[in-house]
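To keep things clear, I will list the structure first and then write my remarks on it.
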Amino acid sequence: MPRLNVLLALTVLLASGHAALADPLAGNANRGRDDIERIGCGSCHMIPGITDATGEVGPPLEHIGSRQYIAGMLHNTPENMARWLQNPQAIVPGNAMPDMGLSAQQTQDIAAYLETLK
């Protein structure tokens, strides 16, 4: 019986504290969209939902959320998208994507927005 009580208590604790245990850097797609517009990612990329994002230097980001790979190298996961956004030269040295100097929160927010582009 004590083992059952411990399991029950742990279940209640995890269920009730789930929000408190959430990653504080979890991305917010709305902020990500705003960051993309403010930073000017559309000067190089065509990005759905972003005003004047008609760039033709980088690849179009239409359906990026459902693509299999990022930069042809990384499986497309939110974590890998954040890695790519944070330091693209570490992934593919010499590629055209510059280091944008994004904060950790901006990286998570932009990755969250890009994930919505299915």
Side-chain angles (χ1 to χ4, degrees):
M1 187 66 155
R3 185 175 177 179
L4 180 59
N5 289 342
V6 170
L7 289 175
L8 181 59
L10 182 57
T11 301
V12 170
L13 177 65
L14 289 174
S16 65
H18 186 265
L21 297 175
D23 180 357
L25 294 179
N28 178 294
N30 290 328
R31 284 193 314 245
R33 184 188 60 241
D34 294 344
D35 287 340
I36 287 171
E37 286 187 352
R38 187 174 35 262
I39 293 165
C41 301
S43 63
C44 290
H45 297 280
M46 190 289 297
I47 311 169
I50 305 298
T51 305
D52 297 325
T54 58
E56 296 182 7
V57 175
L61 299 182
E62 186 174 43
H63 304 295
I64 187 68
S66 59
R67 293 185 195 167
Q68 294 298 308
Y69 290 95
I70 300 165
M73 299 290 293
L74 298 173
H75 287 282
N76 192 356
T77 66
E79 296 80 17
N80 281 340
M81 179 60 76
R83 283 181 54 210
W84 171 257
L85 292 169
Q86 193 77 131
N87 190 354
Q89 295 302 315
I91 308 298
V92 181
N95 79 82
M97 176 80 171
D99 179 353
M100 301 301 293
L102 301 173
S103 71
Q105 188 65 62
Q106 287 173 315
T107 300
Q108 295 297 323
D109 292 344
I110 291 170
Y113 180 75
L114 296 176
E115 177 68 20
T116 69
L117 301 178
K118 301 281 184 177

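Everything numeric in this text was worked out from a predicted model, so none of it was measured.
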Check your understanding: Do the side chains of Asp34 and Tyr113 get nearer than 4.5 Å, heavy atoms only?
Key -> no

Practice item. Please name the residue in the list Leu85, Leu114, Ile36, Leu61 that meets the side-chain contact (heavy atoms from CB on, under 4.5 Å) test with Cys41. Key: Ile36

**Study point:** Asp109 side chain vs Asn28 backbone, donor-acceptor pair below 3.5 Å
**Key:** yes

Point to revise | Nearest heavy atoms of Gly94 and Gln89, plus distance in Å | key: N-OE1, 2.7 Å

Study note, to complete from the structure: For Ala112 and Gly27, the nearest pair of non-hydrogen atoms, with its separation, is CB-C, 3.7 Å

Exercise for review: Over all heavy atoms of both residues, which pair between Lys118 and Ser66 is shortest? Give the atoms and the distance, please.
Suggested key: C-OG, 3.7 Å

**Study point:** Which atom of Arg67 lies closest to which atom of Pro60, heavy atoms considered
**Key:** NH2-O, 2.6 Å

**Study point:** Any donor-acceptor pair under 3.5 Å from Gln68 side chain to Asn76 backbone
**Key:** no

Exercise for review: Find out whether Ile39 and Gln106 are in side-chain contact, i.e. whether some heavy atom of one side chain is under 4.5 Å from a heavy atom of the other.
Suggested key: yes

Check your understanding: Salt-bridged, Arg38 to Asp35, with N to O below 4.0 Å?
Key -> yes

Review point. Taking atom CG of Leu102 and atom CD of Gln86, what is their separation to the nearest 0.5 Å?
Key: 6.5 Å

Practice item. Would you mind reporting whether Ile110 and Met100 have side-chain heavy atoms less than 4.5 Å apart? Key: no

Check your understanding: So which heavy atom on Ala111 is nearest to which on Pro78, and how close?
Key -> CB-O, 4.3 Å

Practice item. For residues Ile91 and Asn80, determine if any side-chain heavy atom of one lies less than 4.5 Å from a side-chain heavy atom of the other. Key: no

Under 3.5 Å donor-acceptor pairs involving side-chain atoms of residues 43-57, not counting sequence neighbours:
residue	atom	partner	partner atom	Å
Ser43	OG	Gly40	O	2.8
His45	ND1	Pro59	O	2.7
Thr51	OG1	Glu37	OE2	3.4

